[in-house]
Amino acid sequence: EPEVTQTPSHQVTQMGQEVILRCVPISNHLYFYWYRQILGQKVEFLVSFYNNEISEKSEIFDDQFSVERPDGSNFTLKIRSTKLEDSAMYFCASSGGGTGRKTQYFGPGTRLLVL
Amino acid sequence: GENVEQHPSTLSVQEGDSAVIKCTYSDSASNYFPWYKQELGKGPQLIIDIRSNVGEKKDQRIAVTLNKTAKHFSLHITETQPEDSAVYFCAASTGGGADGLTFGKGTHLIIQP
């Protein structure tokens, strides 16, 4: 069964450093998303991406965040200058087109720890 | 924006009994309501979803009901098993495929042997 994959599974970084989180969505999906989950809290939407541009973003997704689809398979989230409060689990998700466009499938996540 | 409330935060049931988790949403434009199961250290896994043109949907031991008038929806798990122990999240979204999901705070379901 196709699945969303994410790398790395864990990332430790120093405050102020840049990090790039990588995702490979399900191959025929058209919509891509990033979410985050601070330890013990609910999953929060960051951004959605369709047709090579951002479709929707939340208040969390400020200027320090960016997303990119550098090739036909990868989808990345860049955090330019990490802060302590960026420590969280980051999930990538994807959904297909047509009637399946609302069903989002999540990857296993990247646990980011900012020291 | 949308706000999703979920109750209870923790639910403990005896193996074989039923479990019910309830959610309410605020935005009447929401029309898609998925439920996710999250096991420790893993990503959310979709277990069932319902669209606003349907009042109930069932898949084996799992069912979801939707009351659009009252803006609430519920997850029902029958004949619970130890492997059902996990955190369950409800979510809601509006519009098209690019819309993000708004999640509830989650319910930690504990199945007692």
Side-chain angles (χ1 to χ4, degrees), chain A residues 1-6 9-10 21 23 25-26 29-61 67 88-111, chain B residues 1-10 21 23-27 29-54 57 59 64 66 73 86-108:
Chain A
E1 184 176 322
E3 57 183 22
V4 177
T5 60
Q6 291 185 241
S9 58
H10 294 79
L21 310 182
C23 168
I26 295 173
H29 281 185
L30 302 176
Y31 299 88
F32 315 112
Y33 315 82
W34 283 101
Y35 292 81
R36 79 172 185 190
Q37 185 179 31
I38 295 171
L39 187 64
Q41 299 187 23
K42 65 179 177 179
V43 179
E44 300 174 289
F45 169 72
L46 294 178
V47 66
S48 62
F49 192 87
Y50 171 72
N51 201 24
N52 285 318
E53 61 182 23
I54 290 174
S55 296
E56 183 186 347
K57 59 183 181 180
S58 71
E59 293 176 351
I60 304 168
F61 194 87
V67 289
M89 197 77 164
Y90 288 81
F91 294 107
C92 173
S94 69
S95 66
T99 57
R101 67 186 184 278
K102 294 186 180 181
T103 304
Q104 297 183 25
Y105 297 91
F106 283 71
T110 293
R111 183 172 297 283
Chain B
E2 175 67 281
N3 183 48
V4 176
E5 298 286 340
Q6 183 172 348
H7 300 280
S9 57
T10 304
I21 302 170
C23 289
T24 60
Y25 61 98
S26 61
D27 190 343
S30 288
N31 56 17
Y32 174 65
F33 308 93
W35 285 88
Y36 287 86
K37 176 183 181 182
Q38 187 177 31
E39 296 174 325
L40 196 62
K42 296 185 179 180
Q45 179 187 10
L46 180 73
I47 55 172
I48 196 167
D49 57 8
I50 192 168
R51 287 163 171 76
S52 60
N53 59 346
V54 175
K57 184 177 178 181
D59 182 5
V64 57
L66 171 64
F73 55 112
V87 178
Y88 291 80
F89 290 96
C90 63
S93 78
T94 61
D99 287 357
L101 298 171
T102 300
F103 281 82
K105 289 188 175 181
T107 295
H108 185 193

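So you know, we letter chains A, B, ... as the sequences are listed, proteins then strands, and number each from 1. Fair warning: this is a prediction, and the values are worked out from it, not measured in the lab.
- Between B:E2 and B:S30, the closest side-chain pair of non-hydrogen atoms falls below 4.5 Å.
- Contact annotation for A:Q6: neither backbone nor side-chain heavy atoms come within less than 4.5 Å of a heavy atom of chain B.
- Neither the backbone nor the side chain of A:F32 comes within less than 4.5 Å of any heavy atom in chain B.
- Residues A:N51 and A:E53 have side chains that never bring a donor and an acceptor to within less than 3.5 angstrom of each other.
- For a residue to count as touching a neighbouring chain, one of its non-hydrogen atoms must lie under 4.5 Å from one of that chain's; by this rule B:P44 touches chain A with backbone and side chain alike.
- Interface remark: B:K42 contributes backbone atoms only to the contact with chain A (heavy atom separation under 4.5 Å).
- In this structure, chain A has heavy atoms under 4.5 Å from both the backbone and the side chain of B:L101.
- With respect to B:E39 and B:K37, a salt bridge is recorded, a charged nitrogen being found less than 4.0 Å from a carboxylate O.
- The greatest number of non-hydrogen atom pairs below 4.5 Å with chain B, out of A:G109, A:G107, A:S58, A:P108, is found for A:P108.
- Only the side chain of B:Q38 has a heavy atom closer than 4.5 Å to any heavy atom of chain A.
- Remark: B:C23 SG to B:F103 CZ distance equals 11.0 Å, nearest 0.5 Å.
- Going from atom CZ of B:F73 over to atom CD1 of B:I50 covers 9.5 Å, rounded to the nearest 0.5 Å.
- Side-chain contact, A:S95 with A:Y33: a donor N or O sits under 3.5 Å from an acceptor N or O.
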